[in-house]
Each structure stands twice: as structure tokens, then as C-alpha cells.
Amino acid sequence: MNKLILIAGGSTLVYLTLAVLMGVLPGIMLSATPPGPGVNPLTALQARGRAVYVASGCSYCHTQQVRPLDQDKAFGRPSAPGDFAYQTPELLGSERTGPDLTNVGQRQSSVVWQYIHLYNPRAVVPQSIMPSFAWMFQVVNSAPSGVEPVALPKAYAPTHGVVVPRPDAQALVAYLLALKQPSLPGYTDASTESTRGAGPQGAPTSAVPPGAPGYDPAKGKALFTATCAACHQATGEGLPGAFPALKGNAAVNDADPTMHIHVVLHGLQGVNVGGVVYPSPMPPFGTTLSDADVANIINYERSSWGNHGGAVTDERVAAQRAKGN
Amino acid sequence: MQTKVTAQQSAFTSAEDRTLASVFCAYTVTATFWLLFATAVGVLMAYKFGAPDFWSGEWLTFGRLRPIHTNDTFYGWASPALVALAYYVAARSSRTPLYSVKLAWIGLVLFNLAAVAGTIALDLGFNDGNLEYREWPWPIRLIFLAALLVTAWNLIGTVARRRTEEIYLSNWYTIGGVLWTCIIAVVAILPWYQYGLGQVAVSGFYMHNAVGMWFTPLALGVFYYALPKVLSRPIYSYSLGVFAFWTNLVFYPIIGAHHFLFSPLPWFLQTTAIVFSVAMLVPVWGGTANFLLTMRGRMHGMARSVPLMFIFVGVIGYLVGSTQGTFEAFRSLQEVWHFTNFTVGHSHLTMYGFVTFAIWGGVYALLPLATGKQPQLLGLTLHFWMALVGSFIYVISLSVGGTIQGLNWIHGAPFIQSVMDMQSYWVWRGVGGSLMFLSHVVFAWNVWCMTYGVGAKASLDASSSTEGASA
């Protein structure tokens with residue numbers, strides 16, 4: 001009997017000590033981490049959206065933690081302890097079958113896009129394997145006042161009636177758009193100086209097409225795919241009624257690139273493109289992309305899908321950035 | 001066979017024998033149901049990676065099914081199956097009847113009640129924060145905790161009434177495992193110290209300990225009893241087993257934070273976790289050496305003993321899976337593999353290649369001793385090879401695919417590239433998973449033969465050896 005007490009009791013005592021040291025104490029101490037500057041609690045609607053996020057198991061495929069590693073720079077600055085002050089339950093996640101969502105409200109701020117994507121991700125990202133969350137929407141004959149119908153492409157829209165979001169979808173999108181990293185004092189993103197993306201730095205000039213010093217087509221395509229294709233699509237054709245086409249776009253083919261650069265740097269909303277008014281705002285990319293990245297994207301757009309706008313240089317982008325909005 | 005067993009265990013009445021067998025049978029049968037259910041869900045999820053719009057309603061969406069798959073595998077299948085083996089081993093190695101059959105039945109009801117309620121809750125979206133392996137709403141986890149307490153009490157009571165001098169090593173592992181897991185469950189449920197980053201620290205501790213201080217010790221307990229039993233020779237070194245017990249106990253609880261490398265958790269906590277992940281090689285290699293040395297010179301016996309084949313795979317799964325875990329904890333490799341499907345391959349290598357094969361080895365070695373019924377050799381062979389080949393395909397495809405995923409990210413490819421590049425590996429994962437599921441159908445048939453059905457009369461292997469060789 002004494003031996004049983006030694007084995008069962010002794011080992012349990014050892015384990016209890018270690019559980020307190022490695023689980024409970026770190027839990028108590030880190031629970032007191034104060035919120036970082038600009039980190040605020042969610043609104044009631046956003047908090048409801050977070051509950052929908054949990055109930056739907058979003059964090060089994062999407063992390064919410066940005067590591068201090070180069071490959072994570074696409075998702076924002078590295079997460080800081082103060083970022084998690086109001087995040088209970090924690091949703092850091094362990095799998096990245098889909099992209100990290102820490103800063104998705106910044107990266108993809110278009111409500112129109114978020115609704116289409118939730119209703120059926122393949123409507124905007126053909127290769128996506130994310131589930132459709134169509135049950136958070138309903139088909140009605142006409143949208144009630146104050147509710148925008150989801151701007152679905154024809155192939156994904158119901159044969160009659162329009163699709164409108166239910167309260168769960170509205171809350172979820174409100175939460176996703178609230179996922180924005182506040183800037184961290186003292187942190188500078190190295191990627192704004194040295195461009196990120198594919199390809200070696202300082203590629204040999206012989207590979208550069210004439211008239212576009214520094215343009216790397218492979219890098220331009222990679223940056224476009226990562227940054228722009230979700231709305232404007234890999235085909236450059238956009239989504240009719242939701243996101244304008246870049247193929248044959250007047251600003252993209254204009255010999256004067258001022259408008260094109262301005263839109264990429266500062267975003268755009270409510271403009272008539274080819275006879276259609278697009279209410280969905282395009283986010284500004286000036287804060288997240290370097291001059292070289294912006295030039296690469298613009299040159300890719302100006303030389304793809306039959307477009308023939310002239311090439312721009314990094315310096316041209318820098319000059320326009322300096323002028324401000 | 002039944003008569004032979006009871007003749008050797010003169011301390012048992014035949015009524016006590018039958019009661020122990022009926023507990024063993026009932027636990028194994030319900031566990032097998034959950035294995036079939038959880039792996040059917042797994043196959044459905046694997047299919048969704050290629051056809052995301054297939055059965056895409058609210059109650060069949062990936063985010064609802066995923067925790068159902070993991071929790072039912074953990075708490076519906078592996079937990080009661082290991083408890084069944086622990087009861088049988090405790091009673092036999094202590095040469096005494098179960099302390100309380102009533103407690104065993106109560107435990108079985110509680111385990112299954114928790115699994116049913118947990119499955120329904122998760123499917124309806126009542127998910128406790130997506131916190132891995134503690135997603136069941138807390139009242140349901142209290143039911144599971146009650147099942148653990150009942151089991152601990154019953155195991156301790158049984159061993160306390162032993163008719164042997166020593167407490168056999170298996171019981172160290174099983175009693176320890178159940179008691180420690182009670183602590184883990186309480187740590188996980190108490191809410192008042194888990195906010196924000198603090199909860200991240202608790203999650204790291206919990207998710208690793210729920211696996212490594214529960215399934216690992218109970219599965220090792222199976223090895224320490226079933227291996228000597230099947231081989232009719234004592235374990236190579238009893239002291240090495242004791243050494244592995246204490247080192248596992250001290251090192252394992254410290255390594256949880258390695259699930260959050262590069263996270264905002266304090267760097268020293270992460271580094272400590274890495275150091276002790278390396279230290280884990282001591283109990284893992286020590287334990288494995290002990291098992292393999294016990295088998296030395298008898299490998300050819302595997303051709304005639306299917307239980308031995310399962311146990312051998314389980315031991316190798318323990319060695320490879322745990323060693324892989326140590327390497328994954330290095331920052332340099334974690335940079336590539338973290339967040340990728342490589343980790344899904346790793347968790348299947350350990351929970352399947354180690355724990356589940358250990359359970360099967362134990363069930364095939366011991367259940368026929370309890371009931372006197374053998375499964376068909378064809379069923380045993382089909383089960384073994386489909387499960388082995390299936391899990392090989394599964395783990396290799398996700399390991400290779402996961403590495404490509406990680407390298408894609410490092411090379412700055414657009415994110416969607418990592419999704420596209422995984423497609424063919426997900427197809428292979430589905431193929432492996434389907435084979436694994438089919439093998440479970442065969443296992444269910446084998447369990448039926450060993451329990452309530454008509455089993456084969458002929459003895460198939462060395463499991464007819466003398467009872468109590470290990471005690």
C-alpha cells in the first residue's frame with residue numbers, strides 16, 4: 001500500500017507542481033498583459049461576429065498570429081503581447097490552410113468582397129478550398145431598404161431574387177473588418193525599404209524589358225496575385241458590377257500614369273469605370289507596399305491582358321507618393 | 001482456452017472472470033463505434049479538400065466537423081479503449097478482481113455520455129473557443145472529468161487489493177496517467193486565469209499534456225504488459241521502465257509552449273520548451289530500447305503473431321513520432337513546418353501510428369484471453385495491412401506536401417500557391433485515410449468476433465502462452 005501511495009501520490013504531486021509552474025502561473029502572469037497602444041475592445045456587433053467565427057471553427061484553418069519571420073510579413077507586423085489583451089478566447093490557431101487574418105480588415109477592407117467571398121469563396125478566388133457559408137445569407141425578391149444585396153457574379157447568383165446577408169454574416173464581416181493591427185511605436189517594416197516577393201534582389205538588367213528599368217515581370221505577377229487578384233481577378237477582368245476590369249481599363253492604358261499610380265497608392269471609391277459606377281471602395285496600398293512593389297504591380301497591369309500603357313519607374317512612384325493624396 | 005486461463009488464475013472465480021471480460025468487451029465495443037464514427041468524419045473532411053462545395057451546409061461544414069473528428073478520436077475512441085486495457089491489466093497483473101464493477105459501468109456511461117453530448121454541441125456550434133482538444137463546452141468536460149475520477153478510483157482500488165508483492169510497471173503508467181489527466185482537465189476548465197495571452201500559455205500547456213500525459217502513459221502501460229505476455233518473457237529491464245516513467249513525468253509537462261514558437265509568448269518560455277523537447281529523447285529512446293530489447297531474437301515470431309505485429313508498429317510509431325516531435329520543436333525547422341499540413345501528418349503518426357496501433361495490439365493480445373474467442377486470421381491480416389499502408393500514405397503525403405507549403409511561404413509565393421500545390425497531396429491523404437477507415441471496419445468485425453459474436457476456435461499465435469508471465 002505504501003508503495004502505491006508513493007507512485008500514485010508522489011508522481012501526482014510532481015505533476016501538480018509542474019502544472020502550476022508551466023500552465024497556471026504563466027497563465028496568471030500573462031493574463032495581466034496590458035493592451036498595447038491603439039488596441040481596443042470590440043463593439044457588440046464585432047463581438048457577435050467573433051462568436052460566429054468561433055462557432056464556425058474558422059480558426060482551424062486561419063491563424064491570428066504574425067511571427068517575426070520574413071514569410072509572415074505579407075500578413076502584417078509581428079504580433080505583440082499587447083495585441084491580445086481583449087482576445088478571450090484566444091484565436092491564435094495552429095494551421096494556415098488559409099491565410100492569417102490578424103490584419104485582414106486592413107488588407108481586404110471591401111465589404112462587397114467579404115460578402116461575396118463568404119457566400120462562395122470560389123466566386124472571387126477560383127482556386128480557394130474554403131467552405132461556402134451560404135447559410136448565413138438568404139435569397140429574397142428584393143433587398144430591404146438599407147441592405148445592399150451581395151454583388152454575386154452571374155454564375156454564382158440565384159436564378160431569381162437577390163442574396164442578402166443574415167445578421168450572422170453581417171456580424172462576421174464587421175468582425176473581419178475590425179481585424180486591423182494598430183501601428184506599433186518604434187517598429188519599422190523593413191519590407192518598405194527592400195521589396196518583398198519572389199525573385200532575387202538586383203536582377204541583372206539584361207532581363208529588364210526596354211523602357212521599364214527595374215521591372216521584373218515574375219515579381220510583378222506574384223505581387224499582383226497576392227495583392228490585387230482577389231478583386232480584379234487573375235484574368236484582369238474583375239467582377240462585373242463589383243470590381244472593375246483592368247483589362248482595357250482607360251486609366252491603365254493612359255499614357256500618363258498619374259491616375260493609375262494615384263489609385264494604387266491612395267485607393268478609390270464610387271467612380272464611373274466604363275459606364276458602371278462601383279460603390280465598393282478600393283483600399284489604399286501606399287502604406288503597405290514599397291515604391292518598387294507599386295511600380296512592379298503597375299507595370300504588370302500595364303503590360304498584361306493586351307494592355308499597352310507605358311512603363312513607370314520606382315522614381316515616378318516615389319515622386320507621386322511625395323506629393324501626397 | 002477459457003478453461004486454461006482460469007486454471008492458471010486460481011485466485012479468480014469464473015464469475016469474476018466473466019465480469020472482467022464483460023467490462024473489457026463493452027468498453028472496447030463502444031470505443032470501436034467512436035473510432036468508426038470519428039474516422040468516417042475524417043474521410044468526409046479529407047474529401048472536402050478536393051470538393052469544398054460537397055455537403056457544405058451549416059452542420060457539415062469543415063469548421064464544425066474538425067473538432068468532432070479530433071475530440072471523438074481522443075475521448076470517444078482512444079480514452080475508453082485504453083481504460084478497458086488498463087482495467088484488464090490492473091486486475092490480471094495484480095491477480096485480483098476489479099475493485100468495483102459498478103464504478104467501471106458508471107465510467108463507461110460517463111465517457112459515452114460526454115462523447116455524445118460533445119459531438120452534438122460542437123455540431124450545433126457550441127464550441128468552447130476553438131481551443132484545441134478542449135472544445136467541448138465545460139459542463140461536458142466536467143462529465144469527462146467525472147469519468148476520469150471514477151476510473152482513477154477504480155484502478156487504485158484494484159491495485160491496492162493486489163495479491164502480488166510488486167505493483168507491476170504498467171499500473172504505474174496507467175494510474176499515473178489517469179491522475180495527471182484529472183489535473184490537466186481541471187487546469188483547462190478553470191476560467192479565472194485565462195485571458196488573452198495568458199490563455200495562449202495555458203493552451204500550449206494543455207494541448208500537449210492532454211496528449212502526452214494521457215494517451216502516452218496509458219499506451220506505454222499496454223506495451224509493458226502485452227509485450228511480455230505475447231512473447232512469454234519478462235520485460236528486458238524493469239528499472240529502465242521505471243527510469244522512463246520518472247523522466248517522462250518531469251520533462252513532458254515543460255514542453256507545451258513549443259506549439260507557440262515565434263508567438264508573443266515570452267521567449268524564455270519557448271526556449272525552455274525546446275530544451276525539454278530534446279530531453280524527451282531520454283524517456284522515448286529509453287522506452288523504445290526496452291521494448292525492442294524485449295523483442296530481440298524473436299522478430300521472426302511476428303510472422304505468426306498479429307498482435308505482436310501491431311505492437312511492433314506501435315513501438316516504432318512511438319519512436320519515430322516522438323523523435324520527429326523533438327525535431328519539429330527546433331526553431332530552424334519550425335520556421336518551415338509550423339502551420340503547415342506537416343503537423344497534421346505528425347499528429348496522425350503519433351495518435352495513429354503509436355497510440356492506436358498500441359491499442360489494437362493490446363486488444364488483439366488480451367481480449368481473446370478474456371473472452372476465449374479469437375478473430376479470423378484473414379480479418380487480422382486485412383486490418384493490419386490496410387491500416388499500415390493507409391497510415392504510411394497519409395503521413396508521407398502530408399509530410400512532403402507540408403514541407404512544400406512551408407517552402408512556398410518562405411520563398412514569398414502568393415498564398416494561394418500553397419493551396420494549389422497541396423491539391424495532389426490532399427488526394428493521396430484521402431486515399432490513405434480511406435484505407436485507414438476500411439481497416440477500422442474490419443477491426444469492428446474482429447472485435448465482434450472476439451466479444452459477442454462467434455469467434456474462431458483455433459489459437460492463432462503466441463497469445464496462448466502462460467498467463468501472468470509479466471506479473
Side-chain angles (χ1 to χ4, degrees), chain A residues 1 3-4 7-8 11-12 14-16 18-19 22-24 26-31 33 54-61 63 65 67-71 74 79-81 83-92 94-96 99 125 127-132 134-135 196-198 222 225-226, chain B residues 48-49 52-53 56-58 61-64 66-67 125 127 129-132 156 159-160 167 172 175-176 179-180 183-184 187 193-203 205-206 213 249-250 253-254 256 259-260 262-264 269 335 339-340 343 409-416 419-420:
Chain A
M1 190 63 205
K3 183 142 197 203
L4 183 58
I7 296 167
S11 71
T12 303
V14 171
Y15 187 71
L16 185 65
L18 288 167
M22 301 311 300
V24 178
I28 292 173
M29 292 192 294
L30 293 169
S31 286
T33 308
V54 169
S56 310
C58 301
S59 64
Y60 295 115
C61 293
T63 53
Q65 50 171 319
R67 301 169 296 174
L69 299 175
D70 276 349
Q71 64 258 43
S79 298
D83 292 345
F84 301 93
Y86 300 108
Q87 296 201 19
T88 309
E90 54 93 359
L91 297 174
L92 272 71
S94 61
E95 283 291 314
R96 234 176 231 173
V125 186
Q127 306 90 346
S128 170
I129 59 157
M130 181 171 126
S132 150
W135 69 85
R196 64 161 186 269
T225 308
Chain B
K48 281 166 174 280
F49 277 77
D53 287 318
S56 60
E58 180 173 5
T61 195
F62 181 86
R64 298 265 173 101
R66 206 264 204 175
N127 183 319
N130 293 181
L131 303 172
E132 279 183 303
I156 291 171
V159 173
I167 298 171
W172 293 43
I175 290 176
L179 286 172
W180 309 330
I183 295 173
I184 300 168
V187 167
Y193 64 98
Q194 302 187 41
Y195 299 102
L197 198 59
Q199 193 174 45
V200 177
V202 180
S203 286
F205 171 81
Y206 174 80
M213 300 308 281
L249 169 65
V250 174
I254 304 177
H259 285 259
F260 288 99
F262 300 110
S263 79
L269 208 60
E335 264 191 51
F339 303 141
T340 72
T343 60
W409 298 341
I410 287 175
H411 287 131
F415 187 86
I416 196 70
V419 178
M420 290 152 66

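Residue numbering restarts at 1 for every chain, and letters A, B, ... go by the order of the sequence lines. The figures here come from the full heavy-atom set of this structure, side chains too, leaving out hydrogens, waters and symmetry mates.
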For B/Arg66, is it the side chain, the backbone, both or neither that has a heavy atom under 4.5 Å from a heavy atom of chain A? side chain
Looking at chain B, which one of A/Ala226, A/Pro131, A/Ser94 has the largest number of heavy-atom pairs inside 4.5 Å, strictly under? A/Ser94
Do A/Leu30 and B/Val200 come within less than 4.5 Å of each other through their side chains, counting heavy atoms only? no
Within this structure, what is the CD-CD distance for the pair B/Glu132 and A/Glu95, rounded to the nearest 0.5 Å? 7.5 Å
Closest heavy-atom pair, B/Trp172 versus A/Lys3, reported as atoms and distance to 0.1 Å, is CZ2-CE, 4.1 Å
Is there a side-chain contact (heavy atoms from CB on, under 4.5 Å) between A/Ser132 and B/Asp53 once you walk through the steps? CA-CA 7 Å; A/Ser132 150; B/Asp53 287 318; 3.8 Å; yes
Contact leader toward chain B among A/Val125, A/Leu91, A/Val54, where contacts are heavy-atom pairs under 4.5 Å: A/Val54
If you count heavy-atom pairs under 4.5 Å with chain A, which of B/Pro67, B/Ser56, B/Gly176 comes out on top? B/Pro67
Please determine, among A/Pro26, A/Ser79, A/Ala19, the option with the most heavy-atom pairs under 4.5 Å with chain B. A/Ala19
Which heavy atom in B/Pro414 sits nearest to a heavy atom in A/Ala222, and how many Å separate them? CG-O, 3.4 Å
Can you say whether B/Tyr193 sits under 4.5 Å from chain A via the side chain, the backbone, both, or neither, judging by heavy atoms? both
Do you know which of A/Ser59, A/Ala8, A/Pro99, A/Ser128 has the most heavy-atom pairs with chain B at a distance under 4.5 angstrom? A/Pro99
Check whether any side-chain heavy atom of B/Phe260 lies under 4.5 Å from a side-chain heavy atom of A/Arg67, and answer yes or no. no
Contact class of A/Met29 relative to chain B, heavy atoms under 4.5 angstrom: neither
Select one option (side chain, backbone, both, neither) describing which atoms of A/Ala80 are under 4.5 Å from chain B's heavy atoms. backbone
Side chain, backbone, both or neither: which part of A/Thr33 has a non-hydrogen atom closer than 4.5 Å to chain B? side chain
Inter-residue atom distance A/Leu18.CG - B/Met213.CE, 0.5 Å rounding: 8.0 Å
Where does A/Thr12 contact chain B at under 4.5 Å (heavy atoms): side chain, backbone, both or neither? both
Please check if the side chain of A/Thr88 supplies one atom and the backbone of B/Gly196 the other of a donor-acceptor pair under 3.5 Å. yes
Look at the side chain of B/Asn127 and the backbone N and O of A/Ala55, then say whether any donor-acceptor pair between them is shorter than 3.5 Å. no
Would you mind checking which part of B/Ile175 comes under 4.5 Å of any heavy atom in chain A, side chain (CB onward), backbone (N, CA, C, O), both or neither? side chain
I'd like to know if the side chain of A/Gln65 and the backbone of B/Ser263 have a donor-acceptor N/O pair within less than 3.5 Å. no
Nearest 0.5 Å please: distance from the CZ atom of B/Phe62 over to the CE atom of A/Met130. 12.5 Å
How far does CD1 of B/Ile156 sit from CD1 of A/Ile7, to the nearest 0.5 angstrom? 11.0 Å
Taking side chain as everything from C-beta outward and backbone as N, CA, C, O, which of these in A/Leu16 sits under 4.5 Å from a heavy atom of chain B? Side chain, backbone, both or neither. both
If you apply the rule side-chain contact (heavy atoms from CB on, under 4.5 Å), what do you find for A/Asp70 with B/Ile410, and how did you get there? CA-CA 7 Å; A/Asp70 276 349; B/Ile410 287 175; over 6 Å; no
Between chain A and each of B/Trp409, B/Tyr206, B/Trp180, count heavy-atom pairs under 4.5 Å; write down the option with the most. B/Trp180
For B/Asn130 and A/Cys58, which heavy atoms make the closest approach, and how far apart are they? OD1-N, 3.9 Å
Name the residue from B/Val202, B/Val187, B/Ile254 that meets the side-chain contact (heavy atoms from CB on, under 4.5 Å) definition with A/Met22. B/Ile254
Between the side chains of B/Gln194 and A/Ser31, is a donor N or O closer than 3.5 angstrom to an acceptor N or O? no
Has A/Gln71 got a side-chain atom pairing as donor or acceptor with B/Glu335's backbone, closer than 3.5 angstrom? yes
Atom group of A/Leu69 that falls short of 4.5 Å from chain B, counting heavy atoms: side chain
Between A/Ile28 and chain B, with a heavy-atom cut-off of 4.5 Å, which part of the residue counts as in contact: side chain, backbone, both or neither? both
Test A/Ile129 against B/Val419 for side-chain contact (heavy atoms from CB on, under 4.5 Å), laying out the working first. CA-CA 8 Å; A/Ile129 59 157; B/Val419 178; 4.0 Å; yes
Measure the CD-CD distance between A/Glu90 and B/Gln199 for me, rounded to the nearest 0.5 Å. 5.5 Å
Please classify the contact between B/Phe49 and chain A as side chain, backbone, both or neither, with a heavy-atom cut-off of under 4.5 Å. both
Enter the distance from B/Leu249:CG to A/Tyr15:OH here, rounded to the nearest 0.5 Å. 9.0 Å
